[in-house]
Structures are given as structure tokens and as C-alpha cells.
Amino acid sequence: MAKSLKIRDLTLRDGQQSSFATRMTQEQINRCLPYYKDAGFYAMEVWGGAVPDSVMRYLGENPWTRLETIYKAVGDVSKLTALSRGRNLFGYAPYTDEIIDGFSRNAIESGLGIMRIFDALNDVNNVKSTVKYVKQYGGIADCAVCYTVDPKYPQPSFFERLFGKRAPKPVFTDEYFLDKAKQMAALGADMITIKDMSGLIPPRRISRLVKMFKQNLNVPIDFHTHCTPGYGLASVFAAIAAGVDIVDTNCWWFSEGTGAPALEFVYIFCKKLGIEIGVNMDAVSKINAQLKDIRKELELSVFGAEKPAPKAFDPVKDAIPDEVDALFDKAVRAAQTENFDELLAASQKIEAYFGFPAPNELVQKAEIPGGMYSNMVAQLKQLKAEDILPRAMELIPSVRLSAGLPPLVTPTSQIVGAQAVNCALDEKAGRPMYTNKSSQFVGLVKGEYGHTPVAIDPEFRFKICGVREETPYDTSKYKMQPNPELPEAGGVKLASNEKEVLLLELFPLVAKNFLTNEKKKAYEAAQAEAAAKAAKAAVAGEKKTEEEKVPSVYVMPTDIKGNAVAAPLPGRVIEVKVKVGDKVSIGQSVVILDAMKMENSITSDYAGVVTRIFVEKEQAVPADAPMVEIG
């Protein structure tokens with residue numbers, strides 16, 4: 001067992017993303033930064049994941065400014081970390097090496113020290129480019145192996161077994177994960193993270209994996225997990241006892257539940273073992289004083305009400321009750337003797353004493369990410385189809401296996417979950433399953449996201465994509481996003497520098513809105529400074545332009561004369577692919593609908609001529625809304 005342990009603090013990225021929908025403002029972060037500089041964490045995860053998208057979409061803030069501001073405050077005291085999806089970076093599409101190069105260079109120049117790089121399929125080919133460019137520009141390449149489990153398939157019946165049918169063999173073995181780690185180390189990874197994004201890894205398994213990794217790899221090993229199913233804290237304790245080099249934690253008020261384990265628990269555990277974590281816990285107390293207030297502010301802004309909070313606790317200033325101290329002693333002994341059942345029981349009692357959320361047994365039994373489950377519930381509530389949730393959950397293993405058994409991590413968890421919902425809706429409506437499918441599911445099955453852990457049946461691929469052979473994404477056909485001049489902002493370019501161009505490439509719709517607003521604000525300010533009269537005229541003109549751009553409200557038609565292609569679920573129209581007078585064949589795509597975080601190609605069940613179109617681009621439509629009439 002090592003005598004020192006490094007701590008990566010997740011509070012300002014994964015912590016707020018897991019518990020508060022990534023809504024921390026720059027002002028809230030700024031309150032904490034002076035104390036972070038004093039705390040001296042080995043690393044601070046502050047960027048990547050959903051942060052760049054969310055700060056533009058919901059807060060109207062610049063992602064690059066966030067990274068640069070944190071670096072200016074903390075400097076090199078802690079290495080700033082971001083989470084990247086390999087070739088997909090922070091988005092959902094594969095990008096060219098040119099984009100990955102520019103993004104890596106600008107991130108490191110803005111203060112990033114470590115890029116944690118993972119691929120949703122554990123396809124090592126998809127992390128190569130990011131590793132190359134991060135290291136080229138002086139950053140640390142942290143390659144993450146995504147932990148997942150084999151689905152619980154329905155067991156073959158007696159007669160099925162009699163005729164030779166067997167349940168699929170396990171894929172995600174210890175050897176599978178070690179092989180992926182070895183491949184990543186061979187690429188030049190400076191460290192390897194065991195990334196348990198769903199919190200599904202129990203103490204026994206992580207202990208075994210850490211030992212295997214330490215024996216077979218010559219780079220530091222980090223362990224990342226969450227607490228939703230109830231394993232998180234015990235598994236971190238087990239990883240520490242097994243000799244892991246780094247663990248990921250959150251500060252008290254942003255920890256546990258759907259987040260990572262509490263730093264304060266790790267501090268007590270390590271202190272009893274004589275392990276030094278290198279963190280100034282007095283400074284952490286000051287961070288927590290800020291986070292307590294920020295937590296309340298976020299709860300009110302995000303959820304509209306305060307949520308149950310844990311008991312206040314500071315391990316430096318507060319005495320640990322005897323019964324809790326005894327539980328920590330029990331956890332230490334259990335970890336050292338590898339009594340994992342006792343370790344789990346003691347750890348969960350510690351969490352319960354301080355009022356942290358109880359284990360989510362549904363997520364634990366279903367063995368899917370908590371976020372994936374909550375997304376499915378929210379989508380079905382929106383559809384007013386909560387009754388099909390059990391069936392959608394039943395379909396996840398078969399949908400996942402048909403799609404090549406991808407690990408359930410962003411974005412594949414959303415892709416598989418949304419498709420299971422689509423299949424359940426198809427079934428309920430009497431349609432063949434996979435009648436409705438998102439363009440992302442099509443891309444996954446086609447091979448555009450990379451190699452899946454198991455091969456996809458060519459006939460299934462043909463059914464979904466129209467091709468039988470795996471077809472990788474062709475980056476040579478990649479087209480940069482349009483970068484027009486903005487008349488409403490004095491004719492300046494939408495993206496005026498490389499960092500803004502990169503935002504536009506990764507988040508086309510969100511960045512377009514954000515950058516347009518930023519350029520308009522700057523133009524208005526300049527006009528106001530030049531002359532109040534001109535400023536008033538400019539503002540009036542821009543308001544008119546804005547009004548003209550707002551799509552009309554969808555009106556449900558009452559006089560359908562032909563066959564109507566309707567929206568299978570509520571969403572926003574991205575593109576209308578036909579016009580009045582066009583001939584349409586059965587199965588032809590007529591509308592692209594943004595729904596359930598996916599682009600859904602809505603196809604026609606009818607052949608004929610388009611007689612009327614009831615929707616327009618950017619318009620929100622409810623479920624079952626007629627969109628195109630075909631006569």
C-alpha cells in the first residue's frame with residue numbers, strides 16, 4: 001500500500017454536472033478560487049464534459065474565459081483537467097485531426113494541464129489523435145478505460161437450450177479492461193484512469209483491477225467512480241488499499257449521491273492508514289463554506305427548491321462521533337483484509353449517518369447509468385408515456401447487443417436509451433421495432449463512431465443503415481461550419497478567431513446563438529459609445545431582425561385531407577427535407593426532428609405528392625403533430 005495518494009478534485013466540473021445540471025456561474029466559481037489555490041490538490045477537473053456547452057447555452061458565458069480565469073487564479077498549484085470524448089472531443093460527431101490539433105493546442109495554451117481522454121466504445125483508435133496533440137503541446141495525456149458490465153440477458157428456455165441456443169459469452173472481463181489499458185499505454189498515455197461513470201464497480205472488482213493494472217503497467221493509475229448505486233465510497237476505499245495512485249473526489253457539499261465520494265471521508269480513511277493526501281484541509285473548509293451557499297443557490301435556480309442536504313461536517317474542526325469512528329476503523333480493517341462485504345456495509349453506514357442519499361437500488365439492479373435512467377424517465381413523462389418505461393428497460397439489453405454492445409457512457413448511453421424508448425413506442429403503436437431511429441443510432445450501427453466491442457450482424461446493419469459492411473466516418477468529407485458575416489452586428493464574422501471557430505465546430509447551434517449574441521452586444525456597446533442616437537436606431541433594427549427570425553408557433557391543423565406524416569414524439573424541427581409538389585416514396589425522410597437529445601429522421605409511411613407542410617425550421621412541435629401532408 002502506497003504511503004501517499006494524489007487527489008483529483010471534481011467539484012467544479014463533474015461535481016456540479018452530476019448534481020446541479022452544470023449551472024455554476026463564473027461568479028460562483030470565482031468565490032471558491034482563492035481557497036483552491038491554497039488547498040493544493042494534485043489536479044482540479046474544471047472543464048470539458050458538459051461545461052463548454054452549458055456555459056454558452058444556459059449562462060451566456062464563454063468556455064475559454066472560464067478555463068483561463070481559473071488558471072489565472074490557481075496557476076500551476078494544481079493541474080487543471082478537462083474531460084474529452086477522444087475523436088468526438090466534447091461533441092457527438094467525429095472530428096478531423098485539424099480540429100483536434102487546434103483544440104488541444106488552444107486548451108493547453110489557456111491553462112489546461114491534463115486531458116482525460118476516453119472513447120464511448122473503448123475503441124483505442126479514437127483516442128490516438130488527442131493523445132498525440134496533447135503531448136505535442138506539453139499537456140498530460142490521461143487515457144480512460146470505460147468500465148461497464150455485460151447486460152443481464154433473458155435466459156434461454158429449456159427448448160431453446162435443447163436446440164443449441166446459449167446466452168452470449170461475457171465480454172467485459174478483467175482481461176478486456178487490462179488489454180485496453182495496455183493499448184493506451186502503448187500509445188503514450190501518461191496515466192490510465194479506470195472510469196466507472198455509472199458507479200457500477202463493486203469493491204471486490206476494483207481491488208482486483210487496480211492490482212492487475214499496477215502489475216502490468218508502468219504509469220500512474222487513477223480511479224473515478226460515482227455513488228448512485230451505493231458502491232462508490234467502499235470501492236474508493238478498496239482501490240486505495242489496493243495501491244491506486246490517484247482517486248477522484250468532490251468537496252463535501254457537492255459529493256456523494258449522483259456525484260463522486262466525499263474528499264472528507266477519504267481524508268479520514270487515509271489518515272487512519274498513515275497515507276498522506278497532500279491537501280490543505282483548512283483551505284478545503286473555506287471552499288466548503290462557499291459551496292454550502294452556492295449549493296442552495298443552484299438548487300433554487302435549477303430545481304426551484306432546496307433538496308435534502310447532508311449534515312454539516314468538517315473533519316479538521318469537528319469531532320467524529322465514536323460510533324462513526326468505529327465504522328471507519330471497521331472499513332480500514334475490511335479493506336486491508338479484503339472483506340469486501342463488511343467494507344461495503346461499513347461505508348454505507350457512514351454515508352447514512354451523515355445524511356447522504358441511500359443507494360439507488362433500481363440503478364444498481366438495472367446496471368445502467370443513473371443519468372441514462374433519469375433521461376428515459378424525463379423523456380417518457382414528456383411523451384406522457386410513462387407506462388412503457390418497464391418495456392423500454394427490458395429492451396435495453398437487446399438494443400445494446402444489436403448495436404455491438406457499446407459501453408453505456410455519453411454519448412452511447414443516450415443513443416441506446418433513446419432507441420430503447422423509440423422501440424417501445426413503435427411496439428405500442430403496432431409498428432415494427434426500429435421504425436423510428438435517431439441519426440445517431442444509425443451512425444453507431446453503421447460504424448461511424450468506431451469499432452464496437454462485438455461485431456454487429458450485417459443483416460441488422462443493412463436493416464438500420466442500408467449497408468452491410470462497417471463504414472467508418474469519412475473525415476475527408478468533413479465540412480467546416482458556415483462562418484457568415486453578421487449584418488446585425490456591423491458586418492463582423494460570427495467567429496472572429498480560432499477559439500470561436502472551434503466552438504462553432506463543436507457546438508454548431510449553441511455556439512451560433514452564443515456568438516451572435518456576443519457580437520451583437522459588442523456592436524451595441526460600440527454604437528452607444530459613438531452616439532446615443534445611432535445606438536437607439538441599431539437596437540431597434542436588431543429587435544426587428546430578431547422578431548423576424550423567431551419561428552411562428554405551431555398550430556395544429558384541423559383539415560387534414562391526405563395522409564399526414566406526424567411527429568412520433570415532441571421535439572424541435574431541425575430541417576424540412578421536402579417542399580410542396582415533391583414526390584415522396586415510402587420510407588423517405590421528410591423531416592429531421594431534434595428530440596430526446598438526438599436527431600431523428602422522420603420518414604413517410606406513404607407514397608405520393610407533398611400537398612402541404614405544417615412546420616418550419618426551429619419550430620417546436622408536440623407528439624403526434626401532423627408535419628407534412630401527402631396526397
**Q.** Distance-only side-chain donor-acceptor flag, Arg116 / Thr81, under 3.5 Å
**A.** no

Q) So, the side chain of Asp245 versus the backbone of Asp222: is there a donor-acceptor pair under 3.5 Å, distance only? A) no

Q. Got a sec: does the CD of Glu361 have more than 12 other heavy atoms crowding it under 6.0 Å?
A. no

Q) Between atom CD of Gln419 and atom CG of Leu444, what is the distance when rounded to the nearest 0.5 Å? A) 10.0 Å

**Q.** Mutual orientation of the aromatic rings belonging to Phe356 and Trp252 [parallel < 30°, tilted 30-60°, perpendicular > 60°]
**A.** perpendicular

Q. Do the side chain of Gln290 and the main chain of Cys32 share a donor and acceptor less than 3.5 angstrom apart?
A. no

Q: Supply the atom-to-atom distance Leu187 CG to Met184 CE, rounded to the nearest 0.5 angstrom.
A: 8.0 Å

Q: State whether a side-chain donor-acceptor pair under 3.5 Å links Gln183 with Asp179.
A: yes

Q) Does Tyr353 have Lys311 sitting over its ring (NZ/CZ under 6.0 Å from centre, angle to axis within 45°)? A) yes

Would you give me the side-chain donor-acceptor pairs under 3.5 Å for residues 275-287, sequence neighbours excluded?
unit_1	atom_1	unit_2	atom_2	d
Glu276	OE2	Gly278	N	2.9
Asn280	OD1	Asp282	N	3.0
Asn280	OD1	Ala283	N	3.3
Ser285	OG	Met281	O	3.1
Ser285	OG	Asp314	OD1	3.3
Ser285	OG	Asp314	OD2	2.6

Q. How would you list, by chain and number, every residue that makes a salt bridge (Lys or Arg N to Asp or Glu O under 4.0 Å) with Glu45, sequence neighbours excluded?
A. Arg13

**Q.** Nearest heavy atoms of Phe213 and Ile221, plus distance in Å
**A.** CB-CD1, 4.0 Å

Q | Heavy-atom check, side chain of Glu61 versus side chain of Thr25, under 4.5 Å | A | yes

Q) Nearest 0.5 Å, what's the CH2-CD1 distance between Trp47 and Ile70? A) 10.5 Å

**Q.** Leu408 vs Gln414, side-chain contact (heavy atoms from CB on, under 4.5 Å): CA-CA, chis, key distance, verdict
**A.** CA-CA 8 Å; Leu408 296 180; Gln414 286 89 332; over 6 Å; no

Q.
So Ser301 and Glu297, do their side chains get closer than 4.5 Å, heavy atoms only?
A. no

Q: Please test Phe354 against Phe265 for ring pair (Phe, Tyr, Trp, His ring centres under 6.0 Å), starting from the C-alpha separation and ending with a verdict.
A: CA-CA 11 Å; Phe354 286 102; Phe265 290 155; 5.5 Å; yes

(Q) Distance alone, cut at 3.5 Å: any donor-acceptor contact between the side chains of Asp196 and Thr225? (A) yes

Q: Please answer whether the main-chain N or O of Ile201 pairs with a side-chain N or O of Ser235 as donor and acceptor at a distance below 3.5 Å.
A: yes

Q | Side-chain (Gln364) to main-chain (Asn360) donor-acceptor, under 3.5 angstrom | A | no

Q) Less than 4.5 Å apart, any side-chain heavy atom of Thr193 and any of Phe223? A) no

Q: For the pair Ser54 (side chain) and Val51 (backbone), establish whether a donor and an acceptor sit closer than 3.5 Å, ignoring hydrogens and angles.
A: no

Q | Test item: side-chain donor near acceptor, Arg87 and Tyr449, under 3.5 Å | A | no

Q | Non-hydrogen side-chain atoms of Gln16 and Ile294 separated by less than 4.5 Å | A | no

Q.
Hydrogens and angles aside, do Glu256 and Asn250 bring a side-chain donor and acceptor to less than 3.5 Å of each other?
A. no

Q) Do side-chain atoms of Glu367 reach the backbone of Val149 as a donor and acceptor pair under 3.5 angstrom? A) no

Q: Could you tell me whether the side chains of Thr130 and Arg85 share a donor-acceptor contact shorter than 3.5 Å?
A: no

Q. Taking atom types as modelled, is there a side-chain donor on Asn122 or Tyr176 under 3.5 Å from an acceptor on the other?
A. yes

Q) Is any side-chain heavy atom of Arg400 closer than 4.5 Å to a side-chain heavy atom of Pro406? A) yes

Q: First locate atom CG of Leu389, then atom NZ of Lys381, and finally report the distance between them rounded to the nearest 0.5 Å.
A: 10.0 Å

Q. Is a side-chain donor or acceptor of Thr452 paired with a backbone partner of Val454 at a separation under 3.5 angstrom?
A. yes

Q) Do Lys307's NZ or CZ and the ring of Phe303 fall within the cation-pi criteria of under 6.0 Å and 45°? A) yes

(Q) Can you confirm whether Gln28 sits close enough to Leu298 that some side-chain heavy atom of one is under 4.5 Å from a side-chain heavy atom of the other? (A) yes

Q. Taking atom CG of Asp387 as the centre, does the number of heavy atoms from other residues, nucleotides or ligands within less than 6.0 Å exceed 12?
A. yes

Q: For His451 and Asn126, test the side chains for any donor-to-acceptor distance below 3.5 angstrom and give the result as yes or no.
A: no

**Q.** Candidate pair Asp325 and Lys272, rule salt bridge (Lys or Arg N to Asp or Glu O under 4.0 Å), full reasoning
**A.** CA-CA 10 Å; Asp325 195 51; Lys272 287 180 175 291; 2.9 Å; yes

Q | ring pair (Phe, Tyr, Trp, His ring centres under 6.0 Å) between Phe254 and Phe20, intermediate numbers included | A | CA-CA 9 Å; Phe254 278 41; Phe20 303 108; 4.9 Å; yes

(Q) With a 3.5 Å distance limit and no angle check, can you tell me whether Trp253 reaches the backbone of Lys296 through a side-chain donor-acceptor pair? (A) no

Q) Side-chain contact, heavy-atom cut-off 4.5 Å: Leu80 with Tyr71? A) yes

Q: Please check if the side chain of Lys135 supplies one atom and the backbone of Gly188 the other of a donor-acceptor pair under 3.5 Å.
A: yes

Q. Ignoring hydrogens and geometry, is there a side-chain-to-backbone donor-acceptor pair from Asp190 to Ala141 under 3.5 Å?
A. yes

(Q) Rounded to the nearest 0.5 Å, what separates atom NZ in Lys180 from atom SG in Cys146? (A) 10.5 Å

Q: Answer yes or no on whether Arg23 is positioned over the face of Tyr58, meaning its NZ or CZ is under 6.0 Å from the six-membered ring centre and within 45° of the axis.
A: yes

Q: Could you tell me whether the side chains of Asn339 and Thr337 share a donor-acceptor contact shorter than 3.5 Å?
A: no

